[in-house]
A.B. asks: 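Before we start, here is the structure in question, set down as structure tokens.
Nothing here was measured: the structure is a model prediction, and the numbers come from that model.
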Protein chains: 2
Amino acid sequence: MSDTKTRILDAAEQLFGRNGFESTSLRAITTEAQVNLAAVNYHFQSKDALIDAVLERRIGPVTRRRLEMLDVAEADPAGLTLEKVIEAFAAPVVEAAMGQPGLAPLMGRIMATPGAFLERVFLRYMEAVKSRFLPALLRSGVRLPPEELFWRLHFMVGSLAHVLVFAPVMPAMSNGLCQLNDGRAIVNRLVAFCAAGMRAPVEQMEKEA
Amino acid sequence: MSDTKTRILDAAEQLFGRNGFESTSLRAITTEAQVNLAAVNYHFQSKDALIDAVLERRIGPVTRRRLEMLDVAEADPAGLTLEKVIEAFAAPVVEAAMGQPGLAPLMGRIMATPGAFLERVFLRYMEAVKSRFLPALLRSGVRLPPEELFWRLHFMVGSLAHVLVFAPVMPAMSNGLCQLNDGRAIVNRLVAFCAAGMRAPVEQMEKEA
DNA sequence: GTCTATAGGTTGATAGAC
DNA sequence: GTCTATCAACCTATAGAC
């Protein structure tokens with residue numbers, strides 16, 4: 001399984017996460033993967049198709065796991081808490097990211113980069129997630145005006161994306177205070193923070209003069 | 001004031017925000033600014049120096065405003081609430097970003113991109129912010145283990161950065177539900193969410209077997 | 001200060017031998 | 001499937017006329 005194609009995918013994943021898609025040259029990838037430059041265009045057709053393949057390989061399993069966890073949580077409607085819904089959203093991506101070194105920033109980049117790449121991913125995977133998680137949030141007892149709910153979901157995704165993007169530098173940034181070896185602990189902190197934020201009282205808007 | 005130098009800065013700001021630093025060529029900038037290609041290297045010395053100038057122009061005022069607002073809040077120690085501290089952190093950047101169309105994604109990108117650019121900005125501006133805001137948080141009544149506090153600050157910055165990065169596409173992404181014309185309203189929502197998150201009870205960590 | 005012209009390097013992609 | 005060699009297009013930066 002350590003054939004050329006896989007080695008290219010592995011190297012591309014690391015470098016895309018570290019430097020972004022457009023700043024990563026095919027030459028950098030083939031050097032890191034120790035394969036020939038032409039191998040990229042043989043196994044994939046273009047750099048764009050390689051990007052798709054890199055995303056495809058990781059996002060599919062995470063999306064499936066998210067929906068699985070949500071299924072489990074929703075199987076017991078009475079016990080469906082806000083925390084369980086948020087955990088189903090956050091845990092799969094955090095665990096996947098922490099399990100494979102260098103994967104986190106790529107995941108974060110996908111969530112935090114608007115434009116062509118996000119749309120490509122969003123339309124293909126996130127639509128299913130959104131259509132399942134929004135109703136689940138409501139069923140879990142969240143009572144918010146639609147606009148407020150959308151903003152708070154946005155804040156939540158931002159927290160999650162930020163954790164992933166900064167994962168490689170987090171220990172250094174915090175002077176060793178924050179470590180990443182325990183993905184479960186990170187998810188727990190994130191869930192506690194976001195659940196409390198979701199339950200915050202809705203600010204009354206002042207009337208304009 | 002609409003001289004060549006300013007036109008370059010304006011165009012660079014827009015394009016850096018939209019496509020990132022490395023994906024934006026000097027040609028794209030000079031075309032957008034309707035100036036000659038060589039003007040960039042005349043007025044600035046290099047692309048790297050241009051990036052610095054673009055950042056410098058916007059971040060300085062925001063940093064000053066942040067510290068000003070914190071000064072005002074801390075002038076009345078009894079009334080120093082968590083909300084006021086978070087607002088002093090978030091409001092200046094949101095208001096600056098919303099005031100100038102196209103500026104938001106650049107601000108978000110600065111906050112959400114680790115690596116050379118963040119370090120350049122972080123060391124020059126954020127160190128002052130951090131050294132003032134962390135103590136202010138404690139004085140406002142936050143009682144958290146240092147590790148937990150750092151994580152929650154990280155979550156908060158992530159929410160803020162995400163709002164900025166996605167500002168241009170937020171209305172479309174929410175099917176028109178979330179608009180950006182009222183920066184104050186966004187800050188209020190963000191403050192409510194993050195303050196509640198900061199006040200969340202600390203999750204008890206399970207002992208490892 | 002503004003321009004043209006160009007140097008010198010890197011990129012993605014491909015043709016064709018093995 | 002893997003390689004070398006190469007193309008055309010792009011990039012940043014600069015030299016030098018005006």
Side-chain angles (χ1 to χ4, degrees), chain A residues 1-57 102 105-106 109-110 113 115-121, chain B residues 1-57 102 105-106 109-110 113 115-121:
Chain A
M1 184 59 77
S2 171
D3 61 342
T4 298
K5 206 169 172 181
T6 306
R7 291 232 303 288
I8 293 173
L9 284 174
D10 289 341
E13 181 173 292
Q14 300 291 318
L15 294 172
F16 284 153
R18 203 177 308 149
N19 306 321
F21 300 111
E22 319 219 21
S23 311
T24 301
S25 67
L26 296 183
R27 279 168 177 79
I29 294 171
T30 54
T31 301
E32 169 84 12
Q34 293 183 295
V35 303
N36 188 270
L37 171 60
V40 171
N41 286 75
Y42 175 78
H43 287 285
F44 312 86
Q45 294 85 334
S46 64
K47 182 181 180 180
D48 237 44
L50 171 63
I51 294 175
D52 271 346
V54 169
L55 300 184
E56 197 94 35
R57 183 169 68 141
L106 178 67
R109 206 174 278 274
I110 293 168
T113 305
F117 295 111
L118 180 86
E119 281 151 33
R120 185 148 58 187
V121 173
Chain B
M1 184 59 77
S2 167
D3 61 342
T4 298
K5 206 169 172 180
T6 307
R7 293 231 303 286
I8 293 173
L9 284 173
D10 289 341
E13 181 174 292
Q14 300 290 319
L15 294 173
F16 284 154
R18 203 176 310 148
N19 307 321
F21 299 111
E22 319 218 22
S23 311
T24 302
S25 68
L26 295 184
R27 278 170 174 78
I29 294 170
T30 53
T31 301
E32 170 85 9
Q34 292 184 295
V35 302
N36 188 273
L37 171 61
V40 170
N41 285 76
Y42 175 77
H43 287 284
F44 311 86
Q45 294 86 331
S46 65
K47 182 179 180 179
D48 238 44
L50 171 63
I51 294 174
D52 271 345
V54 168
L55 300 184
E56 197 94 34
R57 182 168 70 141
L106 178 67
R109 206 175 278 274
I110 293 168
T113 306
F117 295 110
L118 180 87
E119 280 150 34
R120 185 149 58 187
V121 173

A.B. asks: Output, in order, the C-alpha distance, side-chain angles, deciding distance and verdict of side-chain contact (heavy atoms from CB on, under 4.5 Å) for A/Lys5 and A/Val35.
C.D. replies: CA-CA 9 Å; A/Lys5 206 169 172 181; A/Val35 303; over 6 Å; no
A.B. asks: Looking at B/Thr113, B/Ile110, B/Asp52, which hits side-chain contact (heavy atoms from CB on, under 4.5 Å) with B/Val121?
C.D. replies: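 Answer after filtering B/Thr113, B/Ile110, B/Asp52: B/Ile110.
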A.B. asks: Identify, with sequence neighbours excluded, every residue that meets salt bridge (Lys or Arg N to Asp or Glu O under 4.0 Å) alongside A/Glu119.
C.D. replies: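 Applying salt bridge (Lys or Arg N to Asp or Glu O under 4.0 Å) to A/Glu119 gives none.
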A.B. asks: Can you give the first and last nucleotides of DNA chain C, 5' to 3', that have an atom under 4.0 Å from a heavy atom of chain B?
C.D. replies: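 Counting from the 5' end, contacts occupy C/dG1 to C/dT4.
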A.B. asks: Tell me: CZ of A/Arg27 to C1' of D/dC7, nearest whole Å?
C.D. replies: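 Nearest whole value for this atom pair: 11 Å.
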A.B. asks: Heavy atoms only, 4.0 Å cut-off, all strands: where does B/Ser23 land among base, sugar-phosphate and nothing?
C.D. replies: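 No contact.
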A.B. asks: A/Arg27: which residues meet the side chain to side chain donor-acceptor pair (under 3.5 Å) condition with it, sequence neighbours left out?
C.D. replies: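 Expected list: none.
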A.B. asks: What pairs meet the side chain to side chain donor-acceptor pair (under 3.5 Å) rule with one or both residues in residues 32-47 of chain B, with sequence neighbours excluded?
C.D. replies: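 Residue pairs passing side chain to side chain donor-acceptor pair (under 3.5 Å), neighbours aside: none found.
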A.B. asks: List in chain and number order the residues that pass salt bridge (Lys or Arg N to Asp or Glu O under 4.0 Å) with A/Asp48, two or more places apart in sequence or in another chain; answer none if no residue qualifies.
C.D. replies: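 Salt bridge (Lys or Arg N to Asp or Glu O under 4.0 Å) check on A/Asp48 returns A/Arg120.
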A.B. asks: Take atom CD of A/Glu22 and atom C1' of D/dC10, then tell me their distance rounded to the nearest Å.
C.D. replies: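 Nearest whole value for this atom pair: 13 Å.
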A.B. asks: Supply the atom-to-atom distance B/Ile29 CD1 to B/Leu26 CG, rounded to the nearest 0.5 angstrom.
C.D. replies: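 Here the interatomic distance stands at 5.5 Å.
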A.B. asks: Contact between A/Ile51 and A/Val54 at the side-chain level, heavy atoms closer than 4.5 Å - yes or no?
C.D. replies: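 No, too far: nothing below the 4.5 Å cut-off.
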A.B. asks: Does A/Thr30 reach a base, just sugar-phosphate, or nothing at all? Heavy atoms under 4.0 Å.
C.D. replies: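 Counting heavy atoms under 4.0 Å across all strands, no contact is made by A/Thr30.
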A.B. asks: When the side chains of residues 14-23 of chain A are checked against the rest of the protein, which donor-acceptor pairs come out under 3.5 Å, sequence neighbours left out?
C.D. replies:
| from | atom 1 | to | atom 2 | distance (Å) |
| --- | --- | --- | --- | --- |
| A/Gln14 | NE2 | A/Pro101 | O | 2.9 |
| A/Ser23 | OG | A/Asn19 | O | 3.4 |

A.B. asks: Applying side-chain contact (heavy atoms from CB on, under 4.5 Å), run through A/Leu50 and A/Leu9 and close with a yes or a no.
C.D. replies: CA-CA 8 Å; A/Leu50 171 63; A/Leu9 284 174; 4.1 Å; yes
A.B. asks: Using the C1' atoms of the five pairs at each end, what is the angle between the end axes of the helix from C/dG1-D/dC18 to C/dC18-D/dG1, to 10°?
C.D. replies: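 Angle reported: 10°, given to the nearest ten degrees.
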A.B. asks: Among residues 34-46 of chain B, which contact DNA chain C at a heavy-atom distance under 4.0 Å?
C.D. replies: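 Per residue number, the list reads B/Asn36, B/Ala38, B/Tyr42, B/His43.
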